[in-house]
Structure formats: structure tokens, C-alpha cells
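Proteins get letters first, then strands, A, B, ... in listed order; numbering begins at 1 in each.
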There are 2 protein chains.
Amino acid sequence: MSKALLIMAHGSRSETANDEFRALVERVAQSAHAAGEEFVAVLPCFLELAKPSLVEAIQQLEHQPVKRVQLYPLFFNKGKHVGRDIPAQVTEARERFPDLTIELLDYFGSAEGLAPLVLDHIAGQA
Amino acid sequence: MSKALLIMAHGSRSETANDEFRALVERVAQSAHAAGEEFVAVLPCFLELAKPSLVEAIQQLEHQPVKRVQLYPLFFNKGKHVGRDIPAQVTEARERFPDLTIELLDYFGSAEGLAPLVLDHIAGQA
């Protein structure tokens, strides 16, 4: 089943920060392609303060053969955004796009590799 | 020279989120110890909304043999917090603690391993 990956950041009033996130998503897309992952598209979206929203990002997929969308929240902690606001936006998106299967993935901060990456990054700056 | 590591998060109104960050810092401390890194202490601190602040975290080191403090900003992007607010707090801390060498490390989002970690985490949820 053809699937797309949406990565969601909080969004910032700083377009420089938003562009830095978009560049990260592009690097993830390149890594996915290199690893043979089968995403039709890998796109950024934002919870608030920047565009596109989740619904707008899904609209960008309109003419692509996508049946399944995975949404990955790039958030460190399970605060109210991960625990409440993002699930609410997913519910809204499912109502808007009933033909799509929209899956909400575990947020970034739950990745086991986070602590080792932090330590590696710090040790590399010794 | 005896050094301490402070890891700084933004801080949240949700103590659950703050505690999740503190647990991450504890995991980094354990990884550092296991890897033979020579930190006297590895402590969390917050830019705002939670305690301790940078200055308060440094005060916690008062009776330890620390000459050098490394501060690592756990932020995804170089917005105004990383670009302006954190350097301003470092300047303030250097004035308060002139006998310490306080180094500001590159922020988390600049880690090359970030995109691969994101992809690994997503692929593991397929």
C-alpha cells in the first residue's frame, strides 16, 4: 500500500528555524530513499505558527497514489502537544480524508537512540 | 580539569514533560559513565518555565571540584532561544561565576546523527 510520511514540528515565528526543520525533513527523505524505504513522499508539516498544517500537507498529496499516511511528531516530550493537540489534529484529518489511513507514530523523544546521540554529539565537541 | 555537563531544555508548564527531560539527562549521565567520560556531574537545567535555571544548576555544583562547565542546548533549531537567549544566559553565568570556564556547545539540532535517528525510529514503527 502506497504510503507517505509526514514529519511534524511545533513551528516557529522564525522562518529560519522553520527552514532548518524543512532541511532536516529533506535529509530524512534522502536517507529513506537510500535505505530503500518505500515512501511516495516525505513532507514537513507544523502544529502551529507555520505552514503547511497537517491537513494542508495531506492536501499536497492529493494527486499522488497514497492510501496510507504516517505522521511522526518531532517533539522531545509528551506534553500537551503530543498528548492532546496532535491527536486532535489527526482526528480532524481522518474526518477530512476518510479514504486515507492516517497513523500517528510515537514521538521523537521516545526513541531509544536519543540519549546515545546526545552523548556522541557532546563527546564530539570535547 | 574537572568538568560538569549541563543539558538545557526549554522547560514546560507540564511537570510530566520536565520530568521526562530529567530522565533523559539521567540516561545520558549513565551512558557517559559507561563510556568512561569524565564528567563530575551531568545535570538538567531549563531556559524558562521550570527549575533549575542555568545559574541555579551551576550553584548545585558549588561544593564539587568543578573548573569547567559545558552547556548543551537540547533544541532542534537555531531560533531566538539558541541564537540569543541562551548566549545571554551564558554571559550572565560567566559574570556570576568568574572562576569557572563555561563553554556553550553546539545545539542538538546540529548533530549529523539526527536525520538517521529519525528514520530509524520511524522504520522501527512500520
For B:Glu20, is it the side chain, the backbone, both or neither that has a heavy atom under 4.5 Å from a heavy atom of chain A?
both
Between A:His121 and A:Gln125, is there a side-chain heavy-atom distance shorter than 4.5 Å?
yes
Selection from A:Leu74, A:Leu24, A:Asp120 maximising heavy-atom pairs under 4.5 Å formed with chain B:
A:Leu74
A:Arg27 and B:Glu112 ion-paired at < 4.0 Å:
no
A side-chain contact here means heavy atoms from C-beta on lying under 4.5 Å apart; do A:Thr16 and B:Lys78 qualify?
no
Assess the residue pair A:Leu54 and A:Ile102 against the criterion (side-chain contact (heavy atoms from CB on, under 4.5 Å)); give the C-alpha distance rounded to whole Å, side-chain angles, the decisive distance to 0.1 Å, and a yes or no.
CA-CA 11 Å; A:Leu54 172 59; A:Ile102 303 176; 5.6 Å; no
In terms of ring plane angle, is the pair B:Phe46 and B:Phe21 parallel, tilted or perpendicular, where the classes change at 30° and 60°?
perpendicular
Non-hydrogen atoms of chain A under 4.5 Å away: do they reach the side chain of B:Gln70, the backbone, both or neither?
side chain
Is a side-chain N or O of A:Asn18 found less than 3.5 angstrom from the main chain of A:Gly11, in a donor-acceptor match?
no
Side chain, backbone, both or neither of B:Lys80 within contact of chain A (heavy atoms, under 4.5 Å):
neither
Tell me, side chain or backbone of A:Glu37 under 4.5 Å from chain B's heavy atoms, or both, or neither?
side chain
Can any side-chain N or O of B:Arg22 pair as donor or acceptor with the backbone N or O of B:Pro44 at less than 3.5 Å?
no
Report which part of B:Tyr72 has an atom under 4.5 Å of a heavy atom belonging to chain A: side chain, backbone, both, or neither.
side chain
Identify which part of B:Leu114 has an atom lying under 4.5 Å from any heavy atom of chain A, answering side chain, backbone, both or neither.
both
Looking at chain A, which one of B:Val28, B:Val118, B:Ile122 has the largest number of heavy-atom pairs inside 4.5 Å, strictly under?
B:Ile122
Part of B:Phe39 within contact of chain A (heavy atom distance under 4.5 Å):
side chain
Which region of A:Ser31, side chain (C-beta onward) or backbone (N, CA, C, O), has a non-hydrogen atom less than 4.5 Å from a non-hydrogen atom of chain B, or is it both or neither?
both
Decide yes or no for B:Leu47 and B:Phe75: does some side-chain heavy atom of the first lie under 4.5 Å from some side-chain heavy atom of the second?
yes
Among B:Ser14, B:Ser12, B:Ala32, B:Gly109, which residue forms the greatest number of heavy-atom pairs with chain A at distances under 4.5 Å?
B:Ala32
